[in-house]
Amino acid sequence: MKKNVKLGLVQMSCSPNKEDNLEKASIRIREAAEKGAQIICLQELFTSLYFCDVEDYDNFALAETIPGPSTDALQKLAGELGVVIIASLFEKRTEGIYHNTTAVLDADGSYLGKYRKMHIPDDPGFYEKFYFTPGDLGYKVFKTKFATIGVLICWDQWYPEAARLTALKGAEILFYPTAIGWATTQDQATNDEQHNAWQTIQSSHAIANGVHVVGVNRVGEEAGVKFWGGSFISNPFGRLLYKGSVDNEEVHVQEVDLGKSDSYRIHWPFLRDRRIDSYGQIVKRFIDEE
């Protein structure tokens, strides 16, 4: 049975001004809604430059509570436009504890909840462990007006366990707000290899779990990193339905048929056929969270 949903991807560059970035994202959300989008995903940490390129205590001032000012503004927009918004933000949980968090806002403007990034990188130019405490909410799904969605964040995309556990919870689509790019000093062969690995690992999650996967990345050069864009949508067997450019800001709307998951899962039973008894602590954790 067909279940068509229109997905909106907002791929943009950012500035040092938080209010300007929120306004820019709001304009892009309106554009996606005008094109028919029902679920709209923004990139990781869209209200600022990617500040994790340095370890700087002043950057903690960028954080906010969730719910908070940004979600308040986006909830109004979601309700006005009748769309679901997936918004990645720097969360201040309490004094001295911060998270890389994505909020999900339903089409009536209600706040459905949040997911806190579980896997935190610590590489040159990506010093996220300086800022973010690993997520404590477990893997989450959100029952929106248009679909049950799972949200993971950037570095989570390299871990098949995260995708599997979120799919097992009932996600019909996996969304990955992302901020990833090349060092400007790298050669093109290395750039290509890294980009291909990034796209391949996420497409493999689509195949292994029989769901659509959506990656939304930023563009623009910031502090020696060229964010490579390349936002994309994969169908449940890894075929790309859309792929953005590596340079340009883009707003794309793609209609997908969520009913395809049933057919792929029947004919390629990676979920039905799984040796659940061999998953050990992964399964135990999933059961405990339930």
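Nothing here was measured: the structure is a model prediction, and the numbers come from that model. Heavy-atom basis, side chains included; hydrogens, waters and symmetry copies ignored.
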Is it the case that atom [atom1] in [X] sees more than 12 heavy atoms from other parts of the structure closer than 6.0 Å?
X: Lys143; atom1: NZ; result: no
X: Glu193; atom1: CD; result: no
X: Lys226; atom1: NZ; result: yes

Taking [X] for its side chain and [Y] for its backbone only, find out whether a donor-acceptor pair lies under 3.5 Å.
X: Asp262; Y: Gly259; answer: no
X: Lys145; Y: Val84; answer: no
X: Glu250; Y: Ser245; answer: yes
X: Thr94; Y: Ile97; answer: no
X: Arg28; Y: Met12; answer: no
X: Gln11; Y: Gly230; answer: yes
X: Ser203; Y: Thr200; answer: no
X: Gln38; Y: Lys6; answer: yes
X: Asn17; Y: Asp20; answer: yes
X: Asp187; Y: Ala189; answer: yes

In terms of hydrophobic clusters joined by side-chain contacts under 4.5 Å, are [X] and [Y] together?
X: Phe146; Y: Leu9; result: yes
X: Val213; Y: Ile39; result: yes
X: Val5; Y: Tyr176; result: yes
X: Ile180; Y: Leu49; result: no
X: Ile86; Y: Leu152; result: yes

| task | Give the intermediate values and the outcome of ring pair (Phe, Tyr, Trp, His ring centres under 6.0 Å) for residues Tyr131 and Tyr57. | result | CA-CA 9 Å; Tyr131 297 98; Tyr57 292 110; 8.7 Å; no
Centroid separation [X] to [Y] less than 6.0 Å:
X: Phe142; Y: Tyr115; value: no
X: Phe51; Y: Phe130; value: no
X: Tyr159; Y: His119; value: yes

Less than 4.5 Å apart, side chain to side chain, heavy atoms only: is that true for [X] and [Y]?
X: Cys52; Y: Phe132; value: yes
X: Lys140; Y: Thr166; value: no
X: Leu42; Y: Val216; value: no

| field | Residue pair Asn235, Lys260: steps toward the side chain to side chain contact (heavy atoms under 4.5 Å, CB included) verdict | value | CA-CA 8 Å; Asn235 84 344; Lys260 295 287 188 182; over 6 Å; no
| Where do Ile149 and Val104 land on the side chain to side chain contact (heavy atoms under 4.5 Å, CB included) test, with the steps shown first? | CA-CA 9 Å; Ile149 65 173; Val104 179; 4.1 Å; yes
| Rounded to the nearest 0.5 Å, how far does CD1 of Ile120 lie from SG of Cys154? |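 With rounding to 0.5 Å, SG (Cys154) is 10.0 Å from CD1 (Ile120).
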| field | Stepwise side chain to side chain contact (heavy atoms under 4.5 Å, CB included) check, Ile233 with Val256 | value | CA-CA 9 Å; Ile233 300 172; Val256 301; 4.3 Å; yes
| Aromatic rings Phe227 and Phe126: how do their planes relate, parallel, tilted or perpendicular, breaks at 30° and 60°? | perpendicular
Is there a donor-acceptor contact under 3.5 Å linking the side chains of [X] and [Y]?
X: Ser110; Y: Asp108; answer: yes
X: Arg116; Y: Asn100; answer: no
X: Lys243; Y: Gln199; answer: yes
X: Gln186; Y: Asn191; answer: yes
X: Glu128; Y: Tyr50; answer: yes

| So which of Tyr242, Phe175, Trp198 actually passes ring-ring contact (aromatic ring centres under 6.0 Å, His included) with Phe232? | Trp198
| Yes or no on side-chain hydrogen bond (donor to acceptor under 3.5 Å, both in side chains) for Glu221 and Thr184, after CA distance, side-chain angles and deciding distance? | CA-CA 8 Å; Glu221 187 173 322; Thr184 53; 4.8 Å; no
| message | Between the side chains of Glu64 and Lys92, is the shortest nitrogen-to-carboxylate-oxygen separation below 4.0 Å, so that they form an ion pair? | response | no
| query | Is it true that Glu249 and Lys24 make a salt bridge, defined as a side-chain N closer than 4.0 Å to a carboxylate O? | reply |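 The answer is yes: the pair qualifies as a salt bridge.
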| request: Applying side-chain hydrogen bond (donor to acceptor under 3.5 Å, both in side chains) between Thr178 and each of Arg218, Gln157, Gln43, Gln202, report the one that passes. | output: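 Passing option: Gln157.
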| Going through the distances and angles, do Leu168 and Arg164 end up as a side chain to side chain contact (heavy atoms under 4.5 Å, CB included)? | CA-CA 6 Å; Leu168 286 173; Arg164 173 53 55 94; 3.9 Å; yes
| remark: Across all chains, not counting sequence neighbours, the salt bridge (Lys or Arg N to Asp or Glu O under 4.0 Å) partners of Glu31 are Lys35
| request: Apply the side chain to side chain contact (heavy atoms under 4.5 Å, CB included) test between Ser88 and each candidate in Val151, Thr101, Thr102; give the one that qualifies. | output: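 The side chain to side chain contact (heavy atoms under 4.5 Å, CB included) with Ser88 is passed solely by Thr102 among Val151, Thr101, Thr102.
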| Would Glu23 and Lys18 satisfy salt bridge (Lys or Arg N to Asp or Glu O under 4.0 Å), going step by step from the backbone distance to the final call? | CA-CA 9 Å; Glu23 177 62 22; Lys18 188 172 182 179; over 6 Å; no
| What are the two closest heavy atoms between Ala206 and Gly238, and how far apart are they? |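 Heavy-atom minimum between the residues: CB-N, 4.4 Å.
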